[in-house]
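Contents: one structure, followed by commentary.
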Amino acid sequence: DQQVKQNSPSLSVQEGRISILNCDYTNSMFDYFLWYKKYPAEGPTFLISISSIKDKNEDGRFTVFLNKSAKHLSLHIVPSQPGDSAVYFCAAQLRGSTLGRLYFGRGTQLTVWP
Amino acid sequence: KAGVTQTPRYLIKTRGQQVTLSCSPISGHRSVSWYQQTPGQGLQFLFEYFSETQRNKGNFPGRFSGRQFSNSRSEMNVSTLELGDSALYLCASSLAGRSLTFFGQGTRLTVV
């Protein structure tokens, strides 16, 4: 049962434009959300996160938006660069848990072309 | 500061064999988790260890097991390998359960 869903397996964007990656979740007990970026033959690296008490978090070119009522979050990358080409994973953690388990989506392959 | 180190990076095994993968967490990190990544399946949680105790386990058969040592290093073992066990196995560490999680580069296991 996939509790975190990334329904777009791939996204192709021109350099300089905005990339929007989407993520939906079904478990209302999630209270912390993260985005990881993964290049081939490397482990995932942390990109940005957001707590459920916020609806937006920015870090440079990356912004994550959270819509709790829709159980939806999105990652915006502006402007997109060719080096951003990677697989992006959305992940969530459970409220009230001291455990570190992350629930992951299946990932979206972002390709930024010149 | 060294990151999460996994050994070996690549491994080829035959069906029915067993395999042990190793993970050294970031210095000072006491929580270690393991994930399996297969094509199109995202990262599936295997188990989490903290202070040598397994605190959480994912939905995998008993052929998958793990342990954590007093220095926080961890190993996972897969017995009676099946073709479907071919995957990238990722180890992750954090200071404690809910703090930021860092991943190693993974061990690519191929079962033939």
Side-chain angles (χ1 to χ4, degrees), chain A residues 1-10 21-27 29-53 57 59 64 86-110, chain B residues 2-10 21 23-26 29-51 53-60 68 72 74 87-108:
Chain A
D1 178 28
Q2 198 79 16
Q3 298 184 58
V4 177
K5 300 178 184 180
Q6 293 176 257
N7 292 321
S8 298
S10 62
L21 295 96
N22 293 303
C23 177
D24 297 294
Y25 61 96
T26 58
N27 193 336
M29 294 299 289
F30 289 143
D31 73 338
Y32 193 66
F33 303 89
L34 309 91
W35 286 92
Y36 281 84
K37 173 172 144 177
K38 186 179 182 300
Y39 294 116
E42 294 184 14
T45 55
F46 170 74
L47 197 55
I48 192 169
S49 63
I50 187 166
S51 165
S52 61
I53 63 173
N57 188 28
D59 184 2
V64 57
V87 178
Y88 289 78
F89 289 99
C90 173
Q93 283 185 317
L94 287 169
R95 175 187 308 131
S97 171
T98 58
L99 303 176
R101 175 177 179 172
L102 294 167
Y103 293 78
F104 282 91
R106 294 181 178 174
T108 296
Q109 171 70 59
L110 173 65
Chain B
V4 180
T5 304
Q6 291 187 245
T7 55
R9 289 291 312 278
Y10 302 92
L21 312 181
C23 172
S24 293
I26 292 172
H29 285 194
R30 295 171 64 191
S31 176
V32 174
S33 299
W34 289 87
Y35 292 82
Q36 179 197 64
Q37 184 190 9
T38 51
Q41 290 300 312
L43 281 72
Q44 303 293 314
F45 173 77
L46 281 155
F47 21 67
E48 176 185 0
Y49 287 87
F50 184 84
S51 294
T53 301
Q54 186 182 94
R55 301 204 306 166
N56 200 358
K57 189 176 192 305
N59 189 25
F60 278 83
Q68 186 181 33
S72 293
S74 177
L88 180 67
Y89 290 88
L90 291 159
C91 171
S93 77
S94 63
L95 279 170
R98 285 272 293 191
S99 49
L100 186 58
T101 299
F102 296 85
F103 284 83
Q105 292 185 292
T107 294
R108 171 71 62 184

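Residue numbers start from 1 in every chain, and the chains themselves are labelled A, B, ... in the order their sequence lines are given, proteins ahead of strands.
Residue B/Phe47 does not touch chain A at all, counting heavy-atom pairs closer than 4.5 Å. Proximity to chain B (any heavy atom under 4.5 Å) is restricted, for A/Leu34, to the side chain, taken from C-beta onward. In this structure, chain B has a heavy atom under 4.5 Å from the side chain of A/Tyr36, while its backbone stays farther away. Contact of B/Arg9 with chain A is made through the side chain alone, with heavy-atom distances under 4.5 Å. Residue A/Gln2 touches chain B through its side chain alone, counting heavy-atom pairs closer than 4.5 Å. Using a 4.5 Å cut-off between heavy atoms, B/Leu43 contacts chain A through both its backbone and its side chain. There is no contact between B/Gln6 and chain A, counting heavy-atom distances below 4.5 Å.
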ask   = Could you walk me through whether B/Thr101 and B/Ser33 pass the side-chain contact (heavy atoms from CB on, under 4.5 Å) check?
value = CA-CA 9 Å; B/Thr101 299; B/Ser33 299; 5.9 Å; no
ask   = Going through the distances and angles, do A/Arg101 and A/Gln93 end up as a side-chain contact (heavy atoms from CB on, under 4.5 Å)?
value = CA-CA 7 Å; A/Arg101 175 177 179 172; A/Gln93 283 185 317; over 6 Å; no
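A donor-acceptor pair under 3.5 Å links the side-chain atoms of A/Thr45 to the main chain of A/Lys37, judged by distance alone. Remark: the backbone N or O of B/Arg55 is not paired with any side-chain donor or acceptor of B/Glu48 at under 3.5 angstrom.
With sequence neighbours excluded, the residues satisfying side chain to side chain donor-acceptor pair (under 3.5 Å) with B/Arg30 are B/Ser51.
Nearest heavy atom pair, residue A/Phe104 against residue B/Phe103, reads CZ-CZ, 3.7 Å.
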